[in-house]
Amino acid sequence: LLSCNFLMNRLVEHSKLDTAVVIYKQLKLLGLRPNVYTYGIVIKAFCRKSNLEEAFNVFGEMEESGVAPNAYTYCIYLEGLCEHSMSAFSYEVLQVWKSESVPVGVYGYTVVIRGFVRENKLKEAEMVLIDMEQQGLFVDEYCYGALIQGYCKAGNIMKAITLHDQMAAKGVSTNCIIINLILQCLCQIGMASEAVNQFNNFKDSGMFLDDVTYNVAIDALCKKGKLDEAVSLLMR
RNA sequence: CAGGAUUUC
């Protein structure tokens, strides 16, 4: 069964969705009992096929077989809804589950925030974050990252930086991916020199910066015509 | 044995 799960997951990743479902059906015909991993992968397969109804029906199958869904199974379904521009519905489902004490965890909220961001519904995305805070949930760097990405994409660098500062104030650690978003946004709105300044600040503060950060910084330097500085950065 | 965001106009 473990190898079947592994295989099915690979098939789903390669969009061989029907094959994955066939294996699932074979499994059951052979009398094997799918476990919570199997069901999660099957839900993902149906979501990728845009068959959200079937995906939801899997929860029913689980109940029949006495397998309790876990946070993964719930969240993968919420994510499926969001990927089909149904973030508002996804959020409603999340709230219902929450009221039923279903274990969705912080990841479920991140999924919904990302969904709203993708639909350019930043107000809604931020509402979700506020909702989390009111419930006393720990808003992690992924939640903030998703929202910051939204404001960056909208060119609202002020808001993005405000959120980033808010993270620091709350003791949520930042990371180079969020910094990349901000630097990139600065470049895109024509503030390349500010991006370079920020890059130097982060570098001096000992923050870990990845190769993407360097690419963004080099790009910024090139745009300012400071090719020599760009080259010296490249050397490391 | 399954899931999370970023550059290369």
Side-chain angles (χ1 to χ4, degrees), chain A residues 1-14 20 23-24 27 32-48 55 58 62 67 69-83 90 103-118 122 125 128-129 139-153 157 160 163-164 167 172-190 192 195-196 198-199 202 207-223 230 233-234:
Chain A
L1 181 65
L2 301 191
S3 345
C4 283
N5 287 348
F6 181 77
L7 175 62
M8 285 171 61
N9 193 43
R10 282 301 145 95
L11 288 167
V12 171
E13 275 169 16
H14 290 88
I23 291 182
Y24 167 65
L27 265 181
L32 285 170
R33 316 293 305 179
N35 64 13
V36 69
Y37 285 69
T38 323
Y39 287 115
I41 296 165
V42 172
I43 293 174
K44 179 163 64 174
F46 282 130
C47 287
R48 293 270 163 92
V58 175
M62 294 181 75
V67 177
N70 60 12
Y72 180 88
T73 12
Y74 288 116
C75 292
I76 205 84
Y77 175 66
L78 292 176
E79 201 166 21
L81 292 174
C82 290
E83 278 165 4
S90 183
V104 272
V106 170
Y107 184 62
Y109 286 87
T110 309
V111 163
V112 173
I113 291 176
R114 260 217 321 275
F116 277 132
V117 164
R118 258 219 333 254
L122 297 179
V128 177
L129 200 136
V139 183
D140 66 14
E141 68 234 74
Y142 287 101
C143 300
Y144 276 110
L147 194 53
I148 289 174
Q149 182 186 19
Y151 283 112
C152 284
K153 238 174 34 181
I157 188 66
L163 279 167
H164 194 229
M167 285 177 70
V172 182
S173 54
T174 184
N175 61 37
C176 61
I177 296 192
I178 296 175
I179 288 168
N180 294 346
L181 289 166
I182 290 176
L183 294 183
Q184 217 183 133
C185 179
L186 285 168
C187 291
Q188 276 164 2
I189 62 175
V196 173
Q198 293 281 353
F199 172 80
F202 286 125
M207 163 81 55
F208 172 77
L209 305 171
D210 68 359
D211 46 337
V212 176
T213 324
Y214 280 83
N215 282 339
V216 175
I218 288 168
D219 192 40
L221 286 167
C222 290
K223 280 185 178 135
L233 256 189
L234 247 184

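Proteins get letters first, then strands, A, B, ... in listed order; numbering begins at 1 in each.
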- Item | Between P of B:rG4 and CD1 of A:I113, the distance in whole Å | 17 Å
- Message: Once you apply a heavy-atom cut-off of 4.0 Å, does A:N9 come out as touching a base, just sugar-phosphate, or nothing?
- Response: sugar-phosphate
- Would you mind classifying the nucleic acid contact of A:G40 as base, sugar-phosphate or nothing, using non-hydrogen atoms under 4.0 angstrom? nothing
- Query: Measuring from A:Y72:OH to A:K44:NZ, what's the distance to the nearest 0.5 Å?
  - Reply: 4.0 Å
- Message: With a 3.5 Å cut-off and heavy atoms only, can you find an N or O donor on one side and an acceptor on the other between the side chain of A:N180 and the base of B:rA5?
- Response: no
- Side-chain N or O of A:Q149 closer than 4.0 Å to phosphate OP1/OP2 of B:rA5: no
- Task: Calculate the interatomic distance between A:E13 atom CD and B:rA2 atom P; express it in whole Å.
- Result: 9 Å
- Query: Between A:L129 and A:Y144, does a side chain to side chain contact (heavy atoms under 4.5 Å, CB included) hold up when you go through it step by step?
  - Reply: CA-CA 8 Å; A:L129 200 136; A:Y144 276 110; 4.3 Å; yes
- Which part of the nucleic acid, if any, lies within reach of A:L181 when heavy atoms closer than 4.0 Å are counted: base, sugar-phosphate only, or nothing? sugar-phosphate
- Looking only at B:rG4, B:rC1, B:rU7, the nucleotide nearest the A:Y37 side chain is B:rC1
- Message: For A:G150 versus A:V117, what's the shortest heavy-atom pair and its separation?
- Response: CA-CG1, 3.5 Å
- Task: Can you tell me the distance, in whole Å, between the CE atom of A:M8 and the P atom of B:rA2?
- Result: 13 Å
- Query: Do you see a donor-acceptor pair shorter than 3.5 Å between the side chains of A:N215 and A:N180?
  - Reply: no
- What nucleic acid atoms does A:I178 come within less than 4.0 Å of, heavy atoms only: base, sugar-phosphate, or nothing? base
- Query: Looking at B:rC1, B:rU6, B:rA5, which one has an atom nearest to any side-chain atom of A:D210?
  - Reply: B:rU6
- Message: Using a heavy-atom cut-off of 4.0 Å across all strands, would you classify A:N35 as base, sugar-phosphate, or nothing?
- Response: base
- Taking atom P of B:rA5 as reference, at what distance in whole Å does atom NE2 of A:H164 sit? 18 Å
- Item | Side-chain touch A:I179/A:M207, heavy atoms, less than 4.5 angstrom | yes
- Aro-ring/base stack A:Y142-B:rG4, d under 5.5 Å, angle under 30°: yes
- Item | Nucleotide of B:rC1, B:rA2, B:rG4 approaching A:L2 most closely (side-chain heavy atoms) | B:rC1
- Query: By centroid distance (under 5.5 Å) and plane angle (under 30°), are A:F6 and B:rC1 in a stacked arrangement?
  - Reply: no
- Figure out the CZ/C1' separation between A:R118 and B:rG4, and round it to whole Å. 13 Å
- Task: Round to the nearest Å and state the distance from A:Q198 atom CD to B:rU7 atom P.
- Result: 19 Å
- Rounded interatomic separation in angstrom, taking CG from A:D219 and P from B:rC9: 8 Å
- Interatomic distance where CE belongs to A:M167 and C1' belongs to B:rA5 [whole Å]: 11 Å
